[in-house]
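Just below is one structure, and these are the notes that go with it.
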2 protein chains.
Amino acid sequence: MNQNRPARLPTIKDVAHEAGVSLGTASKALNGQGQLRPGTVERVRAAADRLHFRPNRLAQSLHRANSLTVGIISTDSFGRFSMPVMEGIEDVLGSAERSVFMCNAADDPAREKMHVDALLARRVDGIVVTGRRTDARPALNLGAARVPVVYAYTQVGHDPGQTVQAPCLLPDDFGGGEQATRHLLTLGRRRVAHISGPPKFEAVQLRARGYLAALSAAGAAAPLVLHGAWSEAWGREAAAQLFGPASATDALPDALFCGSDQIARGVTEALHALGLRVPQDVAVVGYDNWDVFTEATRPTLTSVDMNLRDLGRQAGQRLLDLIDAGPGQGLGGPLRLPCRLVVRHSCGAPVNEEAPDPRSSA
Amino acid sequence: MNQNRPARLPTIKDVAHEAGVSLGTASKALNGQGQLRPGTVERVRAAADRLHFRPNRLAQSLHRANSLTVGIISTDSFGRFSMPVMEGIEDVLGSAERSVFMCNAADDPAREKMHVDALLARRVDGIVVTGRRTDARPALNLGAARVPVVYAYTQVGHDPGQTVQAPCLLPDDFGGGEQATRHLLTLGRRRVAHISGPPKFEAVQLRARGYLAALSAAGAAAPLVLHGAWSEAWGREAAAQLFGPASATDALPDALFCGSDQIARGVTEALHALGLRVPQDVAVVGYDNWDVFTEATRPTLTSVDMNLRDLGRQAGQRLLDLIDAGPGQGLGGPLRLPCRLVVRHSCGAPVNEEAPDPRSSA
DNA sequence: TTGTACGCGTTATCAT
DNA sequence: ATGATAACGCGTACAA
C-alpha cells in the first residue's frame, strides 16, 4: 500500500509514461474523447488505477470556464436556522462533482468582504448567502465580478435601479401564520390569541398578519397579539398575563398560536400550572417544528415547519440553474416557500401517528 | 461601476498591459519580489486596483506546493455537536487565506469516499473529520495520498501497525463526570446518583467512570447509575423510579448528575411534580451546557461544557501544524481536552452572576 | 531595473 | 489511432 513514490501525486504524465503512450493519448483515454483503440484505453485506465491517479481539478479549472466550486457565506455563525439550510444546499451542490466552500462572516462586514474576496480569487461559480434571520441585509459586494448569487433565509432590499435582482428564498411566514390559525379555527376554536417574538423581526410581522388574515376570513373574535422575547420565560409570562387571576373568565382565549416552539412550551407549562388542560381547555400551536421541543412538550406540540432543508435545496438548485443559464437569466426577487403544519397532540386534532425521524443524540 | 469588460476576470496580463510593463514585472510588483523602481510598483498597483484584479488562486496553487484549502468531512449531517466544532475549525482555518471545503458524508461510506476523492482532486492541504459521537470509526481511506488528517469529536481505533497515528481531539468525558460529581460532593451532598444515556456510547461509559472515581475518592455512598435514552422523557422516568412512592425514604439521593441537559430537565420537572425542591432537596447537574436548556430549566441548570468550539479551534490549529511540519511529524492518537463546569442555580452552589452570552434567536 | 521564457497539470487542436 | 503543441494564469529563474 505504502508506495515508495514521492509525496507528489501522480500526474497524467506519469500515467502516460506508465501506459507507454503520449500525454495527449492518455488524456483522451481517460476522458473518452477522440478515436482510441479499445486496448489503448484499457491500458491507460489500468495504469491510472495502478497509480491511483486523480486529475488535478485545479489544473482542469484553469482552462475550463468553471471551477465546479461554490461558496456559502453564513452571515452569522452556524446557527440553528442556518444549519438545515446549509445542509440542503450541500445536499444539492455537494453531489454532482461540485464542492462547497463554507465561510462564516460572523456578522462582521469586514470578514464578509474578506471571504468574498477569497471566494472570487478561487473562482467559485456561484455564492449562496445565508442568515439566521429573514430580515433584509445589504447586497453582497462583488465588485466587478459577475458571479451568480442566491440568498437563502435572508434577503436584500430590492433595489429598482438594479438590472437583475438576485433571488431570495424565504419561508412563507404569512402563510405559516395563516395556516396555523386556520387550523385552530377549523377545529372549532373561536378566540385565538397570538403570542410571538420581538416585533422588529419581519417574520414576526408576517406571521401576525397571516394570523389576522385567517381570523378576519373566518369572522372570528377580536384578535390579540402579544410580543416578547424568543424564550420560554416569555411564554410563561404571556400565559400568566392572559389566564392569570385578574382575567375575565368568559373572554379567555381557547387557543394560542405561538411564534416559536420555545414560547409554546413556556405557555404550555404555565397553563398546566394554572390548572388548565391542553388541548381540552386551551389548544396550542408552535412554530419552527424543532423536534427537541415538540417531542418534549406534553402533550406533544403541533407546530409550523418552515421546511428549511428544502429551502436550502431549492437555493442550491436555483444557483445551479443560474450558473448554467449564464448571467442575467434568473428572475430574481423574493420567493416565498410554503410552510407545513405538523399536527401533534397540543391542538386537539386527530393525529395520524407516524414514526418520528430520530434525530436525537448526545 | 459596471464595466463594459467581458465576464472574464482580469488577469495579471491585463494588469501588466494597463500599467505598460511586462507580465513578469507586474508579478514582481504585486508580490514585492525582486528590485523594482518604486514608481513602477505604484503604477502596477494602481492598475491592479483599477481593474479589480485578484490573482487566480487556482493558477497560483498549480505551481505552489499547496492549495491553501482544507476539507471538513462531517460524518453525520450538520448536527448539534458538529456545529460548534466546525465553527471553531472555520474560525482558525478560514482566516489566514485558507478556505474550507465542507462535506457531509451523512453516515454513508460511499458518500464519504466520494467526498474524499473530490477533496484530494482539489488538492486540499489537509482534512478534518468530524462526527456527532465520540465513538471510534474506521480511518479515512486516502489511498496513496499523503494528506494530514485530524479527527475532531470522533476517533479512529488506534492501529499499532500504523506508522503514524492521526490526532483525535476529544472532550475529556471522564474528567467531566469526575468534575461534576466532585462539585456535588464538595457542596456536602453524600448520595449522588448518575442518570445517563445509552451505555453503548463511549462518552456515557467515560462519564460514569469519572463519576465512580470521584465517589470512591471521597469515600461516598454506594454508586447508582441508570441508563436510558437521551431524552427528557427518560429523565422524568428515572426520577420517578428513584423518588416515586415505592422508594425508601432514608436512602434517597440528595444529588443527581445527569448525562445530558435534556435528561436533567426531565429530572428537574419530575422532581417538582413530586414536591421536591431543587436544589434544596435534590441538587441537579446536567451535561452539554446547551443554553436553550440550561436557561429554560428552573432553577437554571448547572452543567458540564465540553468546550466544543475550542476543540474545533484546536483541531484546526493542529491541522495547520501538521501541514507546516510535513508528513509524519504529528504525535497522534487520542487527545482529551478538559471540560468546564458552568455553575448556575440547580446545584445549590453560590453562583457569580455574569452576563450570559446571548445566543438566542428565533 | 526590467523583460523573456519555462513550468505547474490539464484539455483541445492540429498534424501525423 | 496517436503524438506534438498551444493555452489556461501565475511565479520565478535567468537573460538583457
Side-chain angles (χ1 to χ4, degrees), chain A residues 5-45 47-48 51-69 97 120-125 145, chain B residues 5-45 47-48 51-69 97 120-125 145:
Chain A
R5 295 211 155 267
R8 187 178 66 76
L9 275 67
T11 75
I12 197 169
K13 203 168 164 183
D14 299 321
V15 174
H17 187 76
E18 174 88 6
V21 296
S22 84
L23 194 153
T25 305
S27 174
K28 284 174 218 160
L30 292 173
N31 295 309
Q33 303 286 346
Q35 310 294 323
L36 275 324
R37 193 183 321 169
T40 310
V41 173
E42 199 38 57
R43 231 169 51 244
V44 173
R45 288 241 169 96
L51 266 48
H52 294 102
F53 168 73
R54 295 173 198 304
N56 184 334
R57 285 220 183 273
L58 273 48
Q60 288 184 325
S61 305
L62 199 52
H63 82 119
R64 284 202 213 284
N66 53 16
S67 65
L68 292 182
T69 60
E97 333 245 72
L120 292 178
R122 295 228 143 74
R123 299 301 187 264
V124 292
D125 300 329
Chain B
R5 297 211 153 264
R8 186 179 67 77
L9 276 67
T11 74
I12 199 170
K13 202 166 163 185
D14 299 321
V15 174
H17 186 76
E18 174 88 6
V21 297
S22 84
L23 194 153
T25 306
S27 174
K28 284 173 217 159
L30 293 173
N31 296 310
Q33 302 286 345
Q35 311 294 323
L36 276 320
R37 193 183 321 171
T40 310
V41 173
E42 199 39 57
R43 231 171 49 244
V44 173
R45 287 240 168 95
L51 266 49
H52 294 100
F53 168 73
R54 295 171 198 305
N56 184 333
R57 286 223 181 272
L58 272 48
Q60 289 183 323
S61 305
L62 200 52
H63 75 113
R64 288 204 214 283
N66 52 16
S67 66
L68 292 182
T69 60
E97 334 245 70
L120 292 177
R122 296 227 144 75
R123 299 302 188 261
V124 293
D125 300 329

Discussion item. On DNA chain C, compare the nucleotides closest to R123(B) and P38(B); which residue's is nearer the 5' end?
Written reply: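 Counting from the 5' end, the first nearest nucleotide belongs to P38(B).
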- Message: If you assign each of A59(B) and K28(B) to its closest nucleotide in DNA chain C, which residue comes earlier from the 5' end?
- Response: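 It is K28(B), whose closest nucleotide lies nearer the 5' terminus.
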Output the rounded distance in Å from [atom1] ([X]) to [atom2] ([N]).
X       : N       : atom1 : atom2 : answer
N56(A)  : dT11(C) : CG    : P     : 10 Å
L30(A)  : dG9(C)  : CG    : P     : 16 Å
L23(B)  : dG9(D)  : CG    : C1'   : 8 Å
H63(B)  : dG9(D)  : NE2   : P     : 14 Å
R122(B) : dT10(C) : CZ    : P     : 14 Å
L62(A)  : dG11(D) : CG    : P     : 12 Å
L120(A) : dG9(D)  : CG    : C1'   : 16 Å
I12(A)  : dA7(D)  : CD1   : C1'   : 16 Å

Assign [X] to base, sugar-phosphate, or nothing according to its heavy-atom contacts below 4.0 angstrom with the strands shown.
X      : answer
T25(B) : base
L58(A) : nothing
T40(B) : sugar-phosphate

Tell me whether the OP1 or OP2 atom of [N] has a side-chain N or O from [X] closer than 4.0 Å.
X      : N       : result
Q35(B) : dT2(C)  : no
S27(A) : dA12(C) : no
Q60(A) : dT11(C) : yes
R37(B) : dT2(C)  : yes

Which nucleotide, dC10(D), dG3(D), dT12(D), lies nearest any side-chain atom of V21(A)?
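In terms of side-chain proximity for V21(A), the closest of dC10(D), dG3(D), dT12(D) is dG3(D).
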Would you check if [X] and [Y] make a side-chain contact, meaning some heavy-atom pair closer than 4.5 Å?
X       : Y       : value
L68(B)  : R122(A) : yes
L30(B)  : P55(B)  : no
R123(B) : L9(A)   : yes

task: Could you pull out the closest heavy-atom pair between L36(A) and A29(A), with the gap in Å?
output: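 Smallest heavy-atom distance, with atoms named: CD2-N, 4.0 Å.
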- Item | Residue whose nearest DNA chain D nucleotide is more 5′ - R54(B) or S22(A) |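 Final value for this comparison: S22(A).
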Checklist entry - Atom CG in L62(B), atom CD in Q60(A): separation rounded to 0.5 Å? => result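 Interatomic distance, L62(B) CG to Q60(A) CD, rounded to 0.5 Å: 11.5 Å.
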